[in-house]
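Below is one structure, written out as structure tokens, with a few remarks after it.
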Amino acid sequence: MSRARLLRYARNDVGGSGGLIRAVALLMAVVLVAGGCMLRLNTGRPKATSTTTTSAASPIPGLGSTMTWENCGTHLQCTKLQVPLDHAKPEGPKITLSLNRRPAKTPNKRIGSMLVNPGGPGGSGLDLVEQSSDELDGLNSRFDLVGWDPRGVGESTPVKCETHLDKFFAANPDTTNPAELQNFFDQTDAFVKSCTDNTSSDLLAHISTEDSVNDMDSILTALGENKMNFYGFSYGSQLGALFIEKYPDRVRAFTLDGGYDPTLDAVAGARQQAVGFEQALNSFLDNCAKRKNCPLKVDGKVDPTRYFDTLHQQVKDKPLRGTSDYKGRSMGAADFLTAVDSALYDKTDGWPALEQALADAGKDGDPSGLFDLFDQYTGRASDGTYEGSSIPAGVAIGCLDSPVPKDKVDYNKLADDFAKEAPRQGRSLAWANWVCAKWPKPPTNAARQLSPAAAGAPPILLLGNTGDPATPYEASLKLASQLPSSVLVTYEGEGHLSSGKSSCVDDIVRKYFYDLVVPPKGTVCK
């Protein structure tokens with residue numbers, strides 16, 4: 001699978017303890033959060049057959065028995081694992097985690113298992129391993145690739161909310177119209193109520209990132225291995241960093257691509273992403289302006305900034321009406337920015353798609369391309385449902401991970417402040433955490449320094465992209481300062497994440513996982 005497809009899993013990224021993807025503060029600030037990637041692949045997963053196979057790893061005394069795996073696709077095996085709902089009460093109620101794996105292609109050179117997480121929160125590790133990627137395929141030579149749907153996600157005990165979410169996504173907080181703003185509040189309330197009505201209160205209280213970190217340790221034990229190899233993308237870097245902090249003696253090799261800043265609260269995280277996406281949008285428009293063949297022309301001249309701002313204002317004034325396959329749908333300001341931001345994750349594929357979508361919308365009045373971007377990002381199906389969306393789980397997880405302001409007055413002030421730094425993106429992303437202000441369960445985590453225990457871990461490899469909008473480079477720098485044993489590799493580029501964009505990066509990752517060799521501090525890949 002191509003690098004672009006790998007990115008599709010990390011686009012729902014929160015980029016740390018702050019913001020949730022714009023698709024949800026609009027209503028969410030891009031979690032996608034830190035992992036996630038948009039452009040979801042909604043393929044049917046093969047059912048497990050009756051053929052069973054035991055883990056390639058030998059059981060280790062005291063770590064529990066190995067899991068039993070069933071064949072569930074070409075070179076793919078699946079299993080279920082029961083873990084405590086509340087790890088503080090190991091004998092209490094249990095929930096189910098769904099896992100899959102691709103066994104190492106060269107068993108005689110097998111190093112062990114490698115747990116992978118695509119980001120989110122809410123991204124499916126089952127999808128990531130099932131469809132794999134060029135980067136992971138290379139590592140699959142000597143590692144069993146193991147994916148799992150974290151608690152609350154997909155095929156693990158899931159969060160369930162309303163599946164018809166068009167009105168929810170279309171609600172726009174970037175407005176001075178009292179009726180529009182009230183609609184934003186009403187749609188938020190309705191969404192939260194649908195989650196609490198359809199998901200057990202106990203699950204909603206035990207679905208934080210910290211809960212999933214404890215699940216990772218349970219998975220490692222069930223695999224019969226005492227040291228973990230982990231490749232975490234975007235929000236996966238948060239899972240990885242907290243695991244390192246809590247279980248440093250259980251770490252063999254961790255690569256964290258798209259770091260998060262553990263010291264940022266939800267508001268600071270949303271602000272960081274607002275600035276990140278504003279800068280990414282400016283880079284996109286500047287790139288277009290340098291090319292005579294860019295389709296965003298005004299009066300025969302390439303003037304993409306003027307073109308974009310004019311179209312953006314038109315959408316604010318009057319939603320775009322869908323044509324052909326999208327008749328009956330309209331695209332307002334919130335959906336418009338969701339579609340735009342989704343393409344900013346990937347310069348190679350996303351930027352050209354966005355150029356054409358904006359050209360079609362502004363010149364021909366056809367928003368089909370923008371609808372395509374929006375639907376792929378949010379997981380909207382052609383029947384109008386969002387059953388494949390990672391957003392409900394992402395909200396549930398993110399809202400437990402950091403306190404947020406509760407007063408509307410505070411959010412109005414934040415909107416003014418954010419807009420000074422990010423004129424196009426700021427106001428809506430300032431409201432990104434409003435859904436958490438209405439969430440029924442209080443947060444269990446908060447922004448903080450990582451504990452001194454993290455310093456006891458072996459060498460950790462961090463990857464940071466200087467042009468990353470969802471997990472800005474500054475966050476990777478901060479995470480590196482929090483993990484004394486880490487080495488940060490800087491990728492100078494655009495888009496989300498660093499993996500797969502450069503043979504320089506990928507060679508470093510492979511050598512690290514295989515031989516436990518990290519590059520010199522200050523290494524830069526272009």
Open item on the list: Tell me whether Gln425 contacts the main-chain N or O of Val275 through its side chain, where contact means a donor paired with an acceptor under 3.5 Å.
Closed with: no
- [ ] Determine whether the side chains of Ser234 and His496 contain a donor N or O and an acceptor N or O closer than 3.5 Å.
- [x] yes
TODO: Dump the intermediate steps for side-chain contact (heavy atoms from CB on, under 4.5 Å) on Glu162 and Phe168, then the final yes or no.
DONE: CA-CA 10 Å; Glu162 171 60 58; Phe168 174 66; over 6 Å; no
Task: Any Ile460 side-chain heavy atom under 4.5 Å of Val487 side chain - done: no
TODO: Please determine if Arg427 and Asp174 form a salt bridge, counting it only when a charged side-chain N lies under 4.0 Å from a carboxylate O.
DONE: yes
Exercise answer: donor-acceptor pairs, residues 364-371 side-chain atoms, under 3.5 Å, sequence neighbours excluded:
unit_1, atom_1, unit_2, atom_2, d
Asp366, OD1, Thr323, OG1, 2.8
Asp366, OD1, Ser368, N, 3.0
Asp366, OD1, Ser368, OG, 2.6

Task: Centroid-centroid under 6.0 Å between Tyr345 and Phe277 rings - done: yes
- [ ] Using distance alone, with no hydrogens and no angle criterion, decide if Ser503 and Asp506 have a side-chain donor and acceptor under 3.5 Å apart.
- [x] no
TODO: Side-chain contact test, heavy atoms from C-beta onward, threshold under 4.5 Å: evaluate it for Trp434 versus Lys408 and give yes or no.
DONE: yes
Open item on the list: Would Phe243 and Phe254 count as a ring pair (Phe, Tyr, Trp, His ring centres under 6.0 Å) here? Give the steps.
Closed with: CA-CA 10 Å; Phe243 185 95; Phe254 274 47; 5.6 Å; yes
- [ ] Could I get the full list of side chain to side chain donor-acceptor pair (under 3.5 Å) partners for Glu245, not counting sequence neighbours?
- [x] Arg448, Ser451
TODO: Run the ring-centre check on Phe418 versus Trp431 and record whether the distance is less than 6.0 Å.
DONE: no
TODO: Check whether any side-chain heavy atom of Val395 lies under 4.5 Å from a side-chain heavy atom of Cys195, and answer yes or no.
DONE: no
Task: No-hydrogen, no-angle side-chain donor-acceptor test under 3.5 Å, Tyr231 and Ser499 - done: yes
- [ ] Check the side chains of Asp317 and Gln313 for a donor-acceptor pair under 3.5 angstrom, ignoring hydrogens and angles.
- [x] yes
Open item on the list: Side chains of Asp127 and Gln131: any donor to acceptor distance under 3.5 Å?
Closed with: no
Open item on the list: Counting C-beta onward and ignoring hydrogens, is there a side-chain heavy-atom pair between Arg306 and Leu296 closer than 4.5 Å?
Closed with: no
Task: Modelled atom types, side-chain donor and acceptor of Glu474 and Gln272, under 3.5 Å - done: no
Task: Test of ring centre spacing under 6.0 Å for Phe374 and Phe169 - done: yes
Open item on the list: For Asp410, is there an ion pair with Lys413 - N to carboxylate O distance below 4.0 angstrom?
Closed with: no
Open item on the list: Between Tyr473 (side chain only) and Gly259 (backbone N and O only), is there a donor and an acceptor less than 3.5 Å apart?
Closed with: no
Open item on the list: When you compare the side chains of Asp401 and Thr209, does any donor N or O come within less than 3.5 Å of an acceptor on the partner?
Closed with: yes
Open item on the list: For residues 264-351, which residue pairs pass the disulfide (SG to SG under 2.5 Å) check, not counting sequence neighbours?
Closed with: Cys288-Cys294
TODO: Indicate yes or no: at least one non-hydrogen side-chain atom of Leu242 is less than 4.5 angstrom from one of Glu210.
DONE: no
Open item on the list: For Asp468 and Thr471: C-alpha separation, side-chain torsions, deciding distance, then whether side-chain hydrogen bond (donor to acceptor under 3.5 Å, both in side chains) applies.
Closed with: CA-CA 6 Å; Asp468 193 325; Thr471 50; 2.8 Å; yes
Task: Any pair counted as disulfide (SG to SG under 2.5 Å), so long as it reaches residues 326-371, sequence neighbours left out - done: none
- [ ] Could you name each residue pair satisfying salt bridge (charged side-chain N to carboxylate O under 4.0 Å, His left out) that touches residues 175-194, not counting sequence neighbours?
- [x] Asp189-Lys438, Lys193-Asp197
- [ ] Consider only side-chain N and O atoms of Ser402 and Asp265, and report whether a donor and an acceptor are under 3.5 Å apart.
- [x] no
TODO: Kindly indicate, with the supporting measurements, whether the criterion side-chain hydrogen bond (donor to acceptor under 3.5 Å, both in side chains) is fulfilled by Asn177 and Thr175.
DONE: CA-CA 5 Å; Asn177 184 306; Thr175 179; 5.4 Å; no
Task: Asn465-Ser498 side chain donor-acceptor pair, cut-off 3.5 Å - done: no
Task: Reference residue Cys525; test side chain to side chain contact (heavy atoms under 4.5 Å, CB included); the match among Thr490, Leu463, Val505 - done: Val505
- [ ] Report the C-alpha distance between Tyr386 and Asp166 in whole Å, list the side-chain angles of each, state the deciding distance to 0.1 Å, and finish with yes or no for side-chain hydrogen bond (donor to acceptor under 3.5 Å, both in side chains).
- [x] CA-CA 9 Å; Tyr386 292 78; Asp166 280 352; 2.6 Å; yes
TODO: Examine Phe336 together with His312 and report whether their ring centres are nearer than 6.0 Å.
DONE: yes
Open item on the list: If you define the side chain from C-beta out and look only at heavy atoms, does anything of Arg321 sit under 4.5 Å from Ser330?
Closed with: yes
Task: Side chain proximity check, Arg151 to Ser156, heavy atoms < 4.5 angstrom - done: no
Open item on the list: Between Asp261 and Leu479, is there a side-chain heavy-atom distance shorter than 4.5 Å?
Closed with: no
TODO: Keeping to residues at least two apart or across chains, list the salt bridge (charged side-chain N to carboxylate O under 4.0 Å, His left out) pairs with something in residues 287-298.
DONE: Arg291-Glu355
Task: Over 12 foreign heavy atoms within 6.0 Å of NZ, Lys316 - done: yes
Open item on the list: Using a 3.5 Å distance criterion without hydrogens, assess whether the side chain of Thr188 forms a donor-acceptor pair with backbone atoms of Phe184.
Closed with: yes
